[in-house]
Amino acid sequence: MSKNILITNYEIAHYSGSEINASTIAKRMKELGYTVYIASLNFDEPLFLDVRKNFDVCINLQNDNFNFEEIEFDYVWSHHFFLLDWLIFEKGLKAKKIIYSSLSGKEYFEAPPIYANDLNLVLANSPETQEQLIKDGIRNTYLFENYSFLEYFERNIEVKELKNIAIVSNHIPEELYEAKKILQDKGFNVQVYGIDGKQELITDKILEKYDVIISIGKTVQYAMSLKIPIYIYDRFGRIRIFKNEQY
């Protein structure tokens with residue numbers, strides 16, 4: 001008997017962290033043999049065209065009459081507490097296990113639901129997010145940090161000179177724009193990826209074009225696994241020391 005999973009995310013339209021995380025989780029669950037449902041308020045270009053193949057059933061919560069009471073999901077993987085609230089209390093969502101994944105300790109959308117301690121699992125994407133969840137009263141949280149892909153570790157990318165630079169972010173601080181101008185004036189090629197630049201799904205095929213990456217989040221793990229130098233800098237980015245480990 002096949003198993004199913006419902007993933008929820010505010011939208012699947014832009015190249016934001018939660019949207020890419022939702023589609024990546026979906027892709028992996030399909031590989032494991034699950035039927036993958038995605039529920040969202042908005043499916044749109046440009047991202048949806050890239051990731052549509054990762055989902056078996058797409059449920060538009062704004063205009064879809066999908067009956068959640070007719071199916072019991074094996075798993076629900078939820079981003080954004082207000083979607084989970086609505087599905088449980090208004091739409092009669094049924095599931096054997098519910099996982100809530102918080103991708104930020106600072107963004108309102110990522111706050112835990114008030115019943116988080118009654119869920120099967122609450123995930124945090126960083127030690128900072130985990131600390132905030134604990135402050136919010138969540139007793140048991142599991143650290144599920146950003147990931148990369150096995151095939152990235154198998155690549156042999158060799159950076160020989162510093163010429164091409166990529167800035168990957170949807171929230172670039174002003175000083176990075178100033179740095180971009182200075183670097184370009186000195187002859188470096190600098191490309192911004194994100195809301196204010198090129199909107200593309202970041203993969204090894206894109207990152208391999210650059211000699212250094214400036215970013216935070218999952219792009220850091222991508223670059224490290226590809227052996228491309230990464231400089232962590234962003235509005236939300238910083239280096240944190242835990243004993244002998246750096247995050």
Side-chain angles (χ1 to χ4, degrees), residues 1-13 16-43 48 51-52 54-147 217-218:
M1 184 176 180
S2 64
K3 291 187 176 182
N4 55 57
I5 181 171
L6 171 68
I7 299 173
T8 74
N9 202 80
Y10 171 65
E11 62 180 354
I12 304 292
S16 70
S18 68
E19 294 167 85
I20 294 172
N21 194 58
S23 62
T24 305
I25 295 296
K27 181 176 183 293
R28 181 55 180 154
M29 296 307 290
K30 282 194 70 170
E31 292 171 349
L32 293 173
Y34 283 77
T35 299
V36 179
Y37 295 72
I38 178 73
S40 180
L41 293 169
N42 181 35
F43 296 98
F48 188 53
V51 302
R52 173 65 182 89
N54 296 336
F55 311 118
D56 295 298
V57 181
C58 298
I59 306 167
N60 189 322
L61 296 175
Q62 293 196 77
N63 52 35
D64 206 311
N65 293 320
F66 186 88
N67 190 344
F68 286 91
E69 296 180 347
E70 290 185 346
I71 181 171
E72 182 181 39
F73 294 98
D74 292 287
Y75 291 96
V76 171
W77 182 295
S78 181
H79 299 147
H80 310 133
F81 71 93
F82 53 89
L83 290 181
L84 187 59
D85 287 355
W86 186 68
L87 290 172
I88 291 175
F89 300 113
E90 296 293 332
K91 302 298 287 185
L93 175 67
K94 294 184 294 185
K96 295 176 182 177
K97 293 185 178 181
I98 298 179
I99 300 166
Y100 182 76
S101 177
S102 177
L103 302 178
S104 172
K106 300 178 181 179
E107 295 294 317
Y108 174 71
F109 280 13
E110 302 289 350
I114 60 174
Y115 47 86
N117 285 319
D118 295 317
L119 300 177
N120 298 97
L121 187 62
V122 177
L123 302 177
N125 72 326
S126 70
E128 290 86 356
T129 301
Q130 188 177 39
E131 287 179 5
Q132 185 59 54
L133 290 172
I134 293 171
K135 288 180 181 178
D136 290 338
I138 312 306
R139 291 189 297 271
N140 296 308
T141 64
Y142 181 82
L143 190 60
F144 185 72
E145 296 183 285
N146 287 312
Y147 43 80
K218 61 176 61 64

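Within the 4.5 Å cutoff, no side-chain heavy atoms of Phe144 are placed close to those of Asn125. Using a 4.5 Å heavy-atom cutoff, the side chains of Phe109 and Phe82 are in contact. The closest side-chain heavy-atom distance from Tyr75 to Asn4 is not below 4.5 Å. In this structure, Val57 and Val36 have side chains that are not in contact, with every pair of non-hydrogen atoms separated by 4.5 Å or more. In this structure, the side chains of Leu41 and Asn60 stay at 4.5 Å or more apart for every pair of heavy atoms. Here the side chains of Asn42 and Tyr10 are not in contact, with every heavy-atom distance at 4.5 Å or above. Trp77 is listed as a side-chain neighbour of Leu123, based on a closest heavy-atom distance under 4.5 Å.
Between Phe66 and Phe68, the ring center distance clears the sub-6.0 Å criterion.
Within a 6.0 Å sphere centred on CD1 of Ile114, heavy atoms belonging to other residues, nucleotides or ligands number 12 at most. More than 12 heavy atoms of other residues, nucleotides or ligands lie within 6.0 Å of CZ in Phe89, so this atom counts as buried by the packing criterion. Within a 6.0 Å radius of CG in Asn140, no more than 12 heavy atoms belonging to other residues, nucleotides or ligands are found. The number of heavy-atom neighbours closer than 6.0 Å to CG of Asn63, taken from other residues, nucleotides and ligands shown, is above 12.
Counted by atom type alone, Ser40 and Glu11 present zero donor-acceptor pairs between their side chains at under 3.5 Å. A donor-acceptor pair shorter than 3.5 Å cannot be found between the side chains of Ser102 and Thr129.
Between the side chain of Glu110 and the backbone N or O of Gly105, no donor-acceptor pair lies under 3.5 Å. Arg52 contributes a side-chain N or O that, together with a main-chain N or O of Phe55, makes up a donor-acceptor pair within less than 3.5 Å. No donor-acceptor pair under 3.5 Å is formed between the side chain of Asn9 and the backbone N or O of Ile20.
Among all heavy-atom pairs drawn from Ala111 and Tyr100, the shortest one is O-OH, 2.6 Å. When all heavy atoms are compared, the tightest approach of Tyr115 to Ile88 is OH-CD1, 3.8 Å. Taking both residues in full, the closest heavy atoms of Ala26 and Asn54 are given as CB-O, 3.6 Å, listed atom of the first, atom of the second, then distance.
Between Glu131 and Lys135 there is no salt bridge, since none of the side-chain N atoms of the basic residue sits less than 4.0 Å from a carboxylate O of the acidic one.
Among the candidates Leu61, Val76, Ile59, the single residue satisfying the side chain to side chain contact (heavy atoms under 4.5 Å, CB included) test with Leu87 is Leu61.
Sequence neighbours left out, the pairs with a member in residues 72-100 that pass salt bridge (Lys or Arg N to Asp or Glu O under 4.0 Å) are Asp74-Lys96.
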